[in-house]
Number of protein chains: 2
Amino acid sequence: MRDGLTIGEFAALSRLSVRTLRRYHESGLLEPATVDPFTNYRYYQSAQIGTAQVIHRLRQLDVPLAEVRSILAAEDPHQRADLVAGHLRRLEEELDRTQAAITSLRRLLRPGPTPIKAYLGTLPARTVAAISAPAVRLDESLDWFDTAMDELDAAFPPAERIGAPGGVYANELLTGGRGAMTVFRPVRHPRAEGRIEVLESPAVDLAVAVHVGPHDDIDVTYGLLGAWVASHALGVAGPVHETYAVGPRDTAEPQAWRTEIGWPVFRLTPAP
Amino acid sequence: MRDGLTIGEFAALSRLSVRTLRRYHESGLLEPATVDPFTNYRYYQSAQIGTAQVIHRLRQLDVPLAEVRSILAAEDPHQRADLVAGHLRRLEEELDRTQAAITSLRRLLRPGPTPIKAYLGTLPARTVAAISAPAVRLDESLDWFDTAMDELDAAFPPAERIGAPGGVYANELLTGGRGAMTVFRPVRHPRAEGRIEVLESPAVDLAVAVHVGPHDDIDVTYGLLGAWVASHALGVAGPVHETYAVGPRDTAEPQAWRTEIGWPVFRLTPAP
DNA sequence: TGGAGGCCCTCCCCTCGGGGGAGGGTCAAA
DNA sequence: TTTGACCCTCCCCCGAGGGGAGGGCCTCCA
């Protein structure tokens with residue numbers, strides 16, 4: 001009777017390729033039960049099939065090998081389940097991104113010219129209650145924004161609020177980097193409290209476009225506004241302002257959302 | 001007035017990184033409108049923002065750059081939509097695989113021992129109507145199987161049929177390669193017709209396990225059967241037989257499916 | 001009219017999870 | 001004993017970027 005299953009037999013039972021099994025051995029992810037010291041032949045035990053199948057399926061879910069390792073290392077089934085559940089959550093987020101990409105593409109690939117109603121406006125100086133963070137990544141921004149907005153809403157009941165809330169976002173965020181982010185609400189009597197601070201926002205000239213609907217394809221509106229700005233010989237002068245004229249706090253129907261995007265701009269002087 | 005947008009400005013508007021834009025230039029996917037011949041600075045036009053956004057979103061959907069190229073090259077919006085739709089179909093298949101992986105993992109990670117009821121049996125010699133393909137890949141097998149089964153069903157009406165249909169699958173399929181595949185149905189009066197041939201299947205000793213439910217996690221049953229075979233000092237002697245005792249043609253409720261997996265085996269003689 | 005500091009350039013190497021293939025040793029059935 | 005399938009190591013390749021070094025360029029402000 002043999003030492004165990006050869007790598008080829010084991011590959012068939014675990015649906016992994018022979019090469020991949022060798023790689024997993026090399027990286028310590030799945031050690032053969034025995035390795036012949038003279039021939040270096042790998043032999044596996046049938047009890048290892050389950051482990052190999054777990055690896056195979058986790059990899060199908062794009063779990064990185066390092067994480068597979070920690071899932072396998074977790075003795076406690078609960079802890080293991082938590083790790084897997086964490087990855088499933090990431091899969092759901094990935095699905096959201098996929099959905100947004102499809103929505104956005106549908107708009108981008110719509111035949112015919114894409115109209116954009118943009119205009120120049122001036123945001124007057126005003127005093128608002130705000131929460132800021134110095135360095136957030138774009139993908140963390142949604143969570144951060146919700147938390148901060150909840151804090152503002154808790155501190156200023158509806159009677160205190162005047163006008164729609166908004167956010168100010170550093171332009172570096174658009175390039176994938178970290179950047180400053182502010183969420184604000186105009187209120188009757190702004191006051192500092194906890195993370196909330198009183199912000200004097202100066203008057204600023206803006207190029208404005210209104211995005212209607214959920215934010216899945218807001219990048220398209222940004223692009224159209226950016227094109228409008230560039231083609232009107234304007235330069236970008238600061239972080240973008242979003243004003244949530246109608247947002248998730250006003251209606252549960254995302255189709256009705258209205259987001260005003262305002263980009264501080266200045267007129268470029270023509271070159272001589 | 002400048003030549004256009006610098007790479008950094010363009011990156012922000014298209015949500016691509018500067019590095020990525022340079023890569024797309026290098027690979028001819030998205031050429032800057034002008035390149036300064038002395039400094040090699042890239043300048044983009046605002047009209048290119050839409051194209052860059054399309055690329056960005058397609059990449060989010062994991063469309064390979066080569067395919068992005070052909071989508072962009074398609075002038076006709078319909079043709080373009082077809083290419084995109086093709087990829088969306090692939091995304092759906094990916095989603096099916098993800099679903100199967102989750103089902104399978106749930107079973108694999110279920111705490112406690114995993115019972116398997118396997119037994120040795122003999123499939124008697126018999127004559128069946130069959131369709132074979134010499135070299136199919138596992139991921140093509142589902143489509144191929146459905147087509148072939150439909151042909152068999154069309155040629156042999158219910159009154160002709162005796163017993164459950166099945167398939168014979170080369171073991172190479174399990175390792176990701178191509179292999180022979182046969183779908184068969186026992187019928188009263190087998191006859192060749194079109195792709196259908198009459199197959200004399202010899203008697204064979206099988207290790208058998210029954211998989212209950214949809215095939216999402218059938219790999220686990222295969223693994224358990226394989227472990228059982230290995231631990232009983234048996235060797236695999238030929239292509240695996242699946243018999244669809246209850247299948248999609250019998251009930252729309254996948255939970256009720258019963259698939260008998262039979263692996264031809266022989267007794268290994270103990271080493272001296 | 002300088003600088004300073006932020007952009008931008010190229011070039012090279014790294015990542016991750018494999019696949020292809022060369023060149024050569026081993027195992028087991030005929 | 002031969003033969004053919006199987007296994008070994010080693011090296012290179014892929015795609016789609018990211019990191020960083022080293023150095024030039026642009027533009028704003030003093």
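Chain letters run A, B, ... following the sequence lines, proteins first, then strands; residues in each count from 1. Keep in mind that what you see is a predicted model, and the values were worked out from it rather than measured.
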Open item on the list: In whole Å, I'd like the distance from the CZ atom of B:R57 to the C1' atom of D:dA16.
Closed with: 18 Å
TODO: State whether A:R42 places a side-chain N or O below 4.0 Å from either non-bridging phosphate oxygen (OP1 or OP2) of D:dT9.
DONE: yes
Task: Whole angstrom value for the distance that separates C1' of D:dC8 from CZ of A:F10 - done: 18 Å
Open item on the list: Rounded to whole Å, how long is the line connecting atom CG of B:L21 with atom P of D:dA16?
Closed with: 15 Å
Task: Among C:dG17, C:dG25, D:dA16, the one nearest A:Y41 by side-chain distance - done: C:dG25
TODO: Please report, rounded to the nearest Å, how far the P atom of D:dG15 is from the CD atom of B:Q60.
DONE: 21 Å
Task: A:S17 side-chain N/O to C:dG19 phosphate OP1/OP2 under 4.0 Å - done: yes
- [ ] Please state how far atom NE2 in A:H25 lies from atom C1' in C:dG17, giving the value in whole angstrom units.
- [x] 18 Å
Open item on the list: Just the rounded figure in Å: distance from P of C:dG17 to CG of A:L58.
Closed with: 12 Å
Open item on the list: Salt bridge check, B:D217 against B:R107: does any charged N sit closer than 4.0 Å to a carboxylate O?
Closed with: yes
- [ ] Could you tell me whether A:Y24 contacts a base, only the sugar-phosphate backbone, or nothing, with contacts defined as non-hydrogen atoms closer than 4.0 Å?
- [x] sugar-phosphate
Task: A:R22 vs D:dC7: side-chain N/O to OP1/OP2 distance below 4.0 Å - done: no
- [ ] Please state whether the phosphate of C:dG17, meaning OP1 or OP2, lies under 4.0 angstrom from any side-chain nitrogen or oxygen of A:T20.
- [x] no
Open item on the list: Starting the side chain at C-beta, find the nucleotide from D:dA16, C:dC9, C:dG25 nearest to B:I7.
Closed with: C:dC9
Open item on the list: Nearest to the side chain of B:N40, heavy atoms from C-beta on, is which of C:dT10, C:dT26, C:dC8?
Closed with: C:dT10
- [ ] Output yes when A:E94 and A:R97 qualify as a salt bridge under the 4.0 Å nitrogen-oxygen rule, no when they do not.
- [x] yes
Task: Distance in angstrom units between A:E9 CD and D:dC7 C1', rounded - done: 12 Å
TODO: For B:D36 and for B:L65, find the nucleotide of DNA chain D with the closest heavy atom, then tell me which residue's nucleotide is more 5'.
DONE: B:L65
- [ ] Please state how far atom CD1 in B:I55 lies from atom P in D:dA16, giving the value in whole angstrom units.
- [x] 12 Å
TODO: Hey, which sits more toward the 5' end of DNA chain D by its nearest nucleotide, B:R19 or B:V63?
DONE: B:V63
Open item on the list: Looking at B:R59, I want to see if its CZ is surrounded by more than 12 non-hydrogen atoms of other residues, nucleotides or ligands under 6.0 Å.
Closed with: yes
Open item on the list: Taking the cut-offs as 6.0 angstrom to the six-membered ring centre and 45 degrees off its axis, would you call A:R19 and A:Y24 a cation-pi pair?
Closed with: no
- [ ] Identify which nucleotide among C:dG17, D:dC7, D:dA16 has an atom closest to any side-chain atom of B:P64, counting heavy atoms from C-beta outward.
- [x] D:dA16
Open item on the list: Are B:P77 and A:L109 packed together at the side-chain level, in the sense that at least one heavy-atom pair is separated by less than 4.5 angstrom?
Closed with: no
Task: Distance test, side-chain N/O of A:R59 to OP1/OP2 of C:dC16, below 4.0 Å - done: no
